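Since the structure comes first, as structure tokens, the remarks are kept for the end.
So that the names make sense, note that chain A is the first sequence line, chain B the second, and so on, each numbered from 1. Please read all numbers here as calculations on a predicted model, not as lab measurements.
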Amino acid sequence: MQQELYIYNSLSRKKEVFEPINAPHVGLYVCGPTVYGDPHLGHARPAITFDILFRYLTHLGYKVRYVRNITDVGHLENDADEGEDKIAKKARLDQLEPMEVVQYYTNRYHTYMQGLNVLPPSIEPKASGHIIEQQEMIREILKNGYAYESNGSIYFDVVKYNKDHKYGELSGRNIEDMISNTRTLDGQDEKQNSVDFALWKKAAPEHIMRWPSEWSEGFPGWHLECSVMGRKYLGEQFDIHGGGMDLKFPHHECEIAQNNACDGDMNVKYWMHNNMITINGQKMGKSLGNFITLEQFVDGSHELLEQPYSPMTIRFFILQAHYRSTVDFSNEALQAAEKGMQRLFTALNTLEKLKASDKSSFNLSEIKEKCYQAINDDLNCPILISHLFDGVKIINSIKDGKATISDSDLAEMKELYKTFVFDILGLVSENNEAGASGKLTESLIDLLLNIRQQAKQNKDWATSDKVRDELKALGVIIKDTKDGFEWELE
RNA sequence: GGUCUCUUAGCCGAGUGGUUAGGCACCGGUCUGCAAAACCGUUUACGGCGGUUCGAAUCCGCCAGAGACCUCCA
């Protein structure tokens, strides 16, 4: 099926038809985590958003090279008294090697992304592994006259750049406003203009992470790594660059400027930005006390959480909001998502057991068409999910004998749900994992429930209720049905 | 202060110039020895005030409120 995918391009502020530069190949770059802290809820949003994009493009038959970087150097910390590399600062506090910190949190990130069923990217480059390339790009920018040296550091000359190119196009800013509005920050006196930003920063004596260069012992500036790694792995022109909305300015704006200031013709065709998450209507922030790590979410240990929430609940919940809207986390909303997802999975089990009739009493191709329309409309997963729920209603009606499905439609419907629920939305049923506690356990539970069934037939309610209550206490949920029982583990 | 976005029923969250989003909760029902689960049905909307229009929750203006970025952050 030929699909026309529309995506919202932050650059044009419009939905545009997605047309790859070199079909069937698609280059996708997404800003990954800074690995100086435990993965939190905020990391889940972009990871899941672009996971959907990656999965859908792959489903459409594109050969996608998905690059998602690991930022392990180069992010200056300006709220502190001195401009110190974040990683280095944390390392000193913990008395660890910087690379030890980086490795630890990278591993943690991977673990939790796997839990969320986020596919690994094709390439996951690290900033620290591309110092040479970053220095090379600085030389190019210097050679082209868009940067200057000051006290061993190299700054990007935004004012000069703005005369030849437009600076601020992505984030809708103009340079005059910015010059009059910028506050006094660290290193300002080294800069010619307040809007200039660092390409290379000379390391202070206490700064542990440092690399030699012809300018000074130091480290690369904030924005350089993405310019460099995007170019290295996806070429001078590539299709999609994604990231959180908070990165639009200055990070992505600076990235564009760096790219344009280089030799060659650098260009990203589509810029995509996911919106942020809030918790009980508030921005998530360390200072606000509502900063929830993924570990806390899964074990329910944060004081704002009434219960643990499984990674799939988080994923499903995030997918029930459109990626360009903010999404608000609250216990009530999460519990609603948890139940809704359960209903979807129950229906998928039902679908597997349905019996076909001569013909269908509903139009399957219409549902299929609607599902594709939804995902094609800038990855509108909430609408997609609503159509899947419409199908749930039909599946249940068929089970109840109030609707019918033909043999071929049944096969197609199974395929449709497999494609959308598992392949594209990337949801996985968690009950199957729980049920994998062993064949023996399964047999034993079945045995007990068969005994209960007999007790019920003998109207021995005392025995049947005892079995039910005690199994329930052990975490086995019993569902009595018309012709017997079903059960699942909590 | 600057730039921008948002405001939808009890909660979350889509969308559209005139026709049911969806999920959860509530309520009613089916099923059941009772219950749970499951399923079916159903109620409550579009921040306020103006304007454009045959018609606006959807377009425009003003007001109020919330948020984002401008400063490390996804």
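Side-chain proximity of A:L247 to the nucleotides B:A74, B:A38, B:G22 is greatest for B:A74. Among the nucleotides B:A38, B:G33, B:A14, the one closest to the side chain of A:P382 is B:A14. Looking at the side chain of A:K339, the nearest of the listed nucleotides B:C40, B:A25, B:A74 is B:A25. When distances run from any side-chain atom of A:V327 to the nucleotides B:A74, B:A14, B:G13, the shortest one goes to B:G13. Out of B:C69, B:A35, B:G23, the shortest distance to the side chain of A:R452 is found at B:A35. With B:A37, B:A74, B:G23 as the candidates, the nucleotide lying closest to the side chain of A:A336 is B:G23.
Of all nucleotides present, only B:G23 satisfies the Watson-Crick or G-U wobble test against B:C11, with each distance under 3.5 Å. Under the Watson-Crick and G-U wobble criteria, each requiring two contacts below 3.5 Å, nucleotide B:A38 is paired to B:U30. A 3.5 Å limit on both hydrogen-bonding distances identifies B:A68 as the Watson-Crick or G-U partner of B:U3. With a cut-off of 3.5 Å on both pairing distances, B:A56 has no Watson-Crick or G-U wobble partner at all. Pairing of B:C62, defined by two Watson-Crick or G-U wobble distances under 3.5 Å, is identified with B:G48.
When the P atom of B:A14 is taken as reference, atom CG of A:L319 falls 12 Å away, rounded to whole Å. Taking atom CD1 on A:I385 and atom P on B:C24, their separation rounds to 12 Å, with Å as the unit. Rounding to whole angstrom units, CG of residue A:D460 and C1' of B:G33 are separated by 12 Å. Between the P atom of B:C39 and the CD1 atom of A:I394 lies a distance of 15 Å, rounded to the nearest Å. Taking atom OH of residue A:Y8 and atom C1' of nucleotide B:A14, one finds them 17 Å apart after rounding to whole Å.
Between A:R173 and A:E253 the shortest side-chain heavy-atom distance does not fall below 4.5 Å.
Residue-environment remark: NZ (A:K399) stays at or below the threshold of 12 foreign heavy atoms within 6.0 Å.
For A:H273 and A:H252, the ring centers are positioned less than 6.0 Å apart. When ring centroids are compared, A:Y167 and A:F156 stay outside the 6.0 Å threshold. Between A:F291 and A:H40, the distance separating the two ring centers is shorter than 6.0 angstrom. Taking the six-membered ring for Trp and the full ring otherwise, the centers of A:F329 and A:F317 sit less than 6.0 Å from each other.
Regarding contacts with the backbone of B:A38, every side-chain N or O of A:N396 stays at 4.0 angstrom or more from both OP1 and OP2. Not one side-chain nitrogen or oxygen of A:K393 sits closer than 4.0 Å to the OP1 or OP2 atom of B:C40. For the pair A:H322 and B:A14, the criterion of a side-chain N or O lying under 4.0 Å from OP1 or OP2 is not met. Regarding contacts with the backbone of B:A74, every side-chain N or O of A:R68 stays at 4.0 angstrom or more from both OP1 and OP2.
Residue A:L41 is classed as having no contact, given no heavy-atom separation below 4.0 Å to the nucleic acid. Residue A:H387 is classed as having no contact, given no heavy-atom separation below 4.0 Å to the nucleic acid. A:G42 comes within 4.0 angstrom of a base, heavy atoms only. Using a 4.0 Å heavy-atom criterion, one finds that A:M245 contacts no nucleic acid atom at all.
A:S386 contributes no side-chain N or O that forms a donor-acceptor pair with the base of B:G13 under 3.5 Å. You won't find any donor-acceptor pair under 3.5 Å spanning the side chain of A:R468 and the base of B:A36, going by distance alone. Between the base of B:A35 and the side chain of A:D480 there is a donor-acceptor pair shorter than 3.5 Å. If you check distances only, the side chain of A:D465 does reach the base of B:G33 with a donor-acceptor pair under 3.5 Å.
Comparing B:A9 with B:G48, their P atoms sit 10 Å apart, to the nearest whole Å. Look at the C1' atom in both B:A56 and B:A45: the space between them is 15 Å, to the nearest Å. Going from the P atom of B:G13 to that of B:U52 covers 35 Å, rounded to whole Å. For B:C24 and B:U71, the P atoms lie 44 Å apart once the distance is rounded to whole Å. Here the separation of B:C31 from B:A66, taken at their C1' atoms, is 46 Å to the nearest Å. On the C1' atoms, B:G23 is 11 Å away from B:A14, given to the nearest whole Å. Between B:U8 and B:C27, the distance separating the two C1' atoms is 23 Å to the nearest Å. Rounded to whole Å, the separation between the C1' atoms of B:A68 and B:U16 comes to 26 Å.
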For nucleotides 3-6 of chain B, list the nitrogen or oxygen atoms of the protein found under 3.5 Å from its nitrogen or oxygen atoms, one pair per line.
| residue | atom | partner | partner atom | Å |
| --- | --- | --- | --- | --- |
| B:U3 | O2' | A:G172 | O | 3.3 |

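A:C371 and A:L388 get closest at one heavy-atom pair: SG-CD2, 4.1 Å.
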Under 3.5 Å, sequence neighbours excluded: what are the donor-acceptor pairs made by side chains of residues 119-127 of chain A?
| residue | atom | partner | partner atom | Å |
| --- | --- | --- | --- | --- |
| A:S122 | OG | A:Y66 | N | 2.7 |
| A:S122 | OG | A:Y66 | O | 3.4 |
| A:E124 | OE1 | A:H110 | NE2 | 2.5 |
| A:E124 | OE2 | A:R68 | NH2 | 3.2 |
| A:E124 | OE2 | A:H110 | NE2 | 3.2 |

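By the 30° and 60° cut-offs, the orientation of the rings of A:F316 relative to A:F389 is perpendicular. Aromatic ring pairs are classed by plane angle as parallel below 30°, tilted from 30° to 60° and perpendicular above 60°; the pair A:Y29 and A:H241 is tilted.
Of the residues near RNA chain B, A:D390 and A:E332, the one whose nearest nucleotide (by heavy atom distance) lies more toward the 5' end is A:E332. Nucleotides of RNA chain B nearest to A:W461 and A:I277 differ in position, and the one nearer the 5' end is that of A:W461.
A stacked arrangement is not assigned to A:F389 and the six-membered base ring of B:G23, the conditions of a centre distance below 5.5 Å and an interplanar angle below 30° not being jointly met.
At a threshold of 4.0 Å, the pair A:D465-A:R468 counts as salt-bridged, since one of the basic side-chain nitrogens sits closer than that to a carboxylate oxygen.
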